[in-house]
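Below you'll find the structure, written out as structure tokens, and then a few comments.
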Amino acid sequence: MDIVICKDGSDLNARAADAIVAQAQASIAARGRFSIALAGGSTPQDTYVLLAQPPRVTLIDWQKTFVFMSDERCVPYDDDRSNFGQARTNFVGHVPLPPANVLPIPTDAGSPDEDAARYAQTISEFFGADLNGAPPPFDLVLLGLGDDGHCASLFPGKPTLTETGKWVVSSPPGTLPPPVDRVTFTFPLINAARAVMFLVGGANKAPAVQDILENAPPVTKRPSAGVHPTAGLLTWLLDEDAASLLSAQTRG
Ligand code: 6PG
């Protein structure tokens, strides 16, 4: 696990964008394609904007890049609360990604459970992986962190936290806004990734960051404590405010 402390929000976004470019180039060089699952929420949006701007926009082979979402709010994409909607406005709609390479979570299959099942099928077909088998490895899964320690839409105390078979599930709303149903990657799918990167900014996140990185809290209390890639790299990108309660030892 790497803990990277950035001096401020714009440093965090620049480093996150550079890390995504590096992971894209390495994945395409090694396997001919790059599969990334984007995070929702406000923190990664400026990173997405940077990816769509020079010089970084010219450093990724978009023909070989495939964009997924690690969680979604069950609203239409043109709703302000839509994670894919935000990513499309800030990034996906501004880079030369072939439409077939953009694979958001459906929110119109009839119910959140059906949205989740359909997305798991999409992932299974993309990777050629058996839905009843081990989850396939995304090259990079991006995650944000809620003030309560949730990530994706894996909320404290919810049954989604103990899912061991399914790759994608629905979830009722958490305690933090927006109060809408969700579809989310599960821990098995997140932890199968070749790389997982948390983007965390702001003093309001500092208590959860300190608890997760220093106290090994129960996952039911701090869901992000359940993110431990089986064979992949875990990176926590933090700005100074989010890292403000960490000990000198943890800061390294
Ligand atoms: C969501 C996100 C969620 C988010 C955190 C942090 O759908 O809300 O996927 O997990 O990453 O809540 O959100 P902020 O970046 O807005 O603080």
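In each ligand, atom 1 is the first atom listed, and ligand 1 is the first ligand listed.
Shortest contact from atom 5 (C) of ligand 1 to any protein heavy atom: His150 NE2, 3.5 Å. For atom 17 (O) of ligand 1, the nearest non-hydrogen atom of the protein is Lys205 NZ, 2.7 Å. For atom 13 (O) of ligand 1, the nearest non-hydrogen atom of the protein is Gly41 CA, 3.9 Å.
Remark: Arg31 is not positioned above the aromatic ring of Phe138, lacking an NZ or CZ atom under 6.0 angstrom from the ring centre and at most 45 degrees off the axis.
Salt-bridge annotation for Glu163 and Lys158: absent, with no side-chain N of the basic residue lying under 4.0 Å from a carboxylate O of the acidic one.
In Leu145, the part holding a heavy atom less than 4.0 Å from any atom of ligand 1 is the backbone. Residue contacts with ligand 1 for Ala152 involve N, CA, C or O but no side-chain atom from C-beta outward (heavy atoms, distance under 4.0 Å). The proximity of Thr43 to ligand 1, defined as any non-hydrogen pair under 4.0 Å, involves the side chain as well as the backbone.
Of all heavy-atom pairs spanning Gln63 and Pro98, the tightest one is OE1-CG, 3.3 Å.
Note on ligand 1: Arg182 sits in its first shell, one or more heavy atoms being nearer than 4.0 Å.
Among Asp71, Leu154, Val200, the residue whose heavy atom lies closest to atom 2 (C) of ligand 1 is Asp71.
Taking the six-membered ring where the residue is Trp, Tyr48 and Phe91 present parallel rings, their angle staying beneath 30° rather than reaching 60°.
Aromatic ring centroids of Phe126 and Phe68 lie under 6.0 Å apart.
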